[in-house]
Amino acid sequence: MKRFFRAITALFSAILLGWYCIPEVYRTLHLPDRVDASFSVSAPAMRTERTDVYAVSGSRDERLRDVSGQAYSIRLFGVLPLRTVYAAARQRTVCVGGEAFGVILRTNGVQIVGIGYVDAEEGRISPAQKAGLKEGDVICAVDGMTVTDTQSFIGLCEKAGEICTLSCLREDTPFTVTLRPAADSDGVKRIGAWVRDSTSGIGTLSFYDASSRRFTALGHGVTDVDTGKLIAPASFLSEVRLTGIRTGDANNAGELLGQFSDREADAIGSVEQNTVFGIAGTLSGFTDTNETAIGIAPAGAAHLGDAFIRSTIDAGGVREYRVRVIRVDVQSSPETQGMMIEITDDALLEKTNGIVQGMSGSPLIQDGKLIGVVTHVFVSRPTRGYCLYADWMAQKLLPST
C-alpha cells in the first residue's frame, strides 16, 4: 500500500511539474499585478473569475492604486485560487517619439575615471589613492569653491594651499577628503587622478507627456566609457543633423553619424535623470515632435509577432519600420530587458543592416499600443536587439500627473 501511495505521489508531482513548465501556465502565474482590461487566460486547467473591487483612498495595497472596478481571480480547475490580477483603471497615454537628438551629459563637477601617480621630487606618489578616492567618484568642490569642469578643477588645485579639502560624491552619497597635492616635474600641482567632465552622443526620443513636456529617451543609462558608472546629469538635449550611417556587422556595432551643438544656449530640453531605464527630463523645444497620443500597454500585453519601431536614420525624419517580436519575457516587476526583436523592414536593413547606435530609445508599437523601447543591439547579429517594456520605463521615469 505504501508503494502505491508513493507511486501516486510521484506521478502527481511529475504531472504538476510538467503542467507548471507549460509556457502559458508559467506566463500566467508570473504576470504583473496590473493587466490590460481585455485580459484572458488560455493556460490549460486554469480559469478566471471576474469580480468587482473598489480602490480605497489611502489603501496600503499598492495594487489598488491604479485599478478599475475589476479584478480577475485565477483558479486551478476553476476552484483552487492561485492568484489575483487587477485591470488597469485607465490606459496611460503619451506622445510617441522616434526623433534623433544629441545628448550632452555633464557631471556636477568632475568624475574620476582613473587613479594614477605623480612623479614628484619625493618619488611616484598618488595623493588621490592615499586619500581613499576611487574611480567613479565625483569631485564637486575644492576648498569650498565649486568645480564646473576639468579646467576649473585644475585651476582650483593649483590655487589650493599645501593641504586642500575636496567635496565629493560616491553613488549620490556626499563625503569629503583632505589631501596634499603633489607638484610634478613641471611644478604643476596634481592629485594623481584622471578626471572627465562630460560625454555626448546621439540617441532617440522614446515618448513624452504632452501637457508637462516630460520626456523619456534611450532606454538605458549613459555611463562613463572608462568606469562604467552612470553619469550624474547636469545635462541637456540638442537638435542633431544626421550626416551618415556606419552600418553594423557581426563584429562591430553600427552608428548614426551627425552634428549637434554642445552649447547650452542651443538646448531643446534638460536632462534631469540618468538611470538604467533611460534618461528623462523636460522638453523646451523640438521642431518635429509627434502630438498623437497612444496608450502604453501593460508589460504583460506584449506578444510574439509583427510590430514596428519609429526611428530617425537620415534627413527624412521619423519613419516607421517593420520588426518582429521574437521573445517576450515574463516580468512581474520592472527589469531592463523584456523583449527581443528582429528587424524585418527591407528599407531599414538596406541602410543600416539592422539596429545601430543612436537608435536606442526608438519606441516599439504593437496592436496600436506602445509596448517597448529599443535598448541594445546584438553586436554579433545586428538585425536583432533587446527592448525594455514601455510600462516599466513610464513607471520609473514618467510619473503620473
Side-chain angles (χ1 to χ4, degrees), residues 102-201 203 217-237 262 264 270-281 336 360 396-397:
V103 58
I104 298 90
L105 263 69
R106 292 176 176 163
T107 58
N108 291 307
V110 293
Q111 187 169 42
I112 297 177
V113 298
I115 300 295
Y117 295 89
V118 181
D119 290 321
E121 290 185 1
E122 58 270 38
R124 298 182 74 234
I125 59 175
S126 178
Q129 184 181 64
K130 187 176 180 180
L133 293 173
K134 300 178 180 179
E135 290 184 359
D137 289 348
V138 177
I139 303 173
C140 303
V142 178
D143 289 335
M145 302 296 290
T146 301
V147 174
T148 57
D149 54 28
T150 301
Q151 290 303 314
S152 74
F153 174 65
I154 293 173
L156 290 172
C157 286
E158 185 63 26
K159 295 176 182 178
E162 186 176 345
I163 297 177
C164 65
T165 299
L166 306 184
S167 301
C168 310
L169 289 174
R170 179 175 296 163
E171 297 180 353
D172 296 328
T173 301
F175 68 98
T176 60
V177 297
T178 299
L179 53 75
R180 187 189 304 271
D184 63 13
S185 58
D186 295 325
V188 179
K189 288 183 179 179
R190 303 188 184 278
I191 68 168
W194 288 281
V195 298
R196 182 179 292 125
D197 57 23
S198 66
T199 189
S200 62
L218 296 185
H220 61 75
V222 180
T223 58
D224 182 84
V225 67
D226 293 306
T227 66
K229 303 283 188 180
L230 287 170
I231 297 174
S235 323
F236 57 92
L237 304 184
D262 61 357
E264 197 160 358
S270 60
V271 179
E272 295 139 22
Q273 285 181 274
N274 179 27
T275 76
V276 294
F277 290 90
I279 63 173
T336 55
S360 294
K396 292 293 185 178
L397 300 178

Reference residue Arg170; test side-chain contact (heavy atoms from CB on, under 4.5 Å); the match among Ile112, Asp137, Val138: Asp137

field: Taking every non-hydrogen atom, the tightest pair across Ala182 and Ile125
entry: CB-CD1, 3.4 Å

message: Between Pro181 and Cys164, is there a side-chain heavy-atom distance shorter than 4.5 Å?
response: yes

- prompt: From Ile139 CD1 over to Leu166 CG, what is the distance, rounded to the nearest 0.5 angstrom?
  reply: 5.0 Å

field: Atom pair CG/CD of Leu169 and Gln111 - distance to nearest 0.5 Å
entry: 10.0 Å

side-chain hydrogen bond (donor to acceptor under 3.5 Å, both in side chains) partners of residues 174-183, not counting sequence neighbours, each pair once: Glu162-Arg180

- prompt: Once you round to the nearest 0.5 Å, how far does CG of Leu133 lie from CD1 of Ile115?
  reply: 6.0 Å

- request: Please lay out, stage by stage, how Asp143 and Leu156 fare under the test side chain to side chain contact (heavy atoms under 4.5 Å, CB included).
  value: CA-CA 8 Å; Asp143 289 335; Leu156 290 172; over 6 Å; no

- prompt: Thr165: what forms a side chain to side chain donor-acceptor pair (under 3.5 Å) with it, not counting sequence neighbours?
  reply: none

task: Find the distance between NZ (Lys130) and CG (Leu179) and round it off to the nearest 0.5 Å.
output: 10.0 Å

statement: Residues at least two apart in sequence or cross-chain that pass side chain to side chain contact (heavy atoms under 4.5 Å, CB included) with Val188, listed by chain then number, are Glu158, Asp184, Asp186, Arg190

query: Measuring from Leu237:CG to Ile104:CD1, what's the distance to the nearest 0.5 Å?
result: 7.5 Å

query: What heavy-atom pair brings Tyr117 and Ser126 nearest, and what distance separates the two atoms?
result: CD2-CB, 3.8 Å

- prompt: Which heavy atom in Pro127 sits nearest to a heavy atom in Gly192, and how many Å separate them?
  reply: CD-N, 4.3 Å

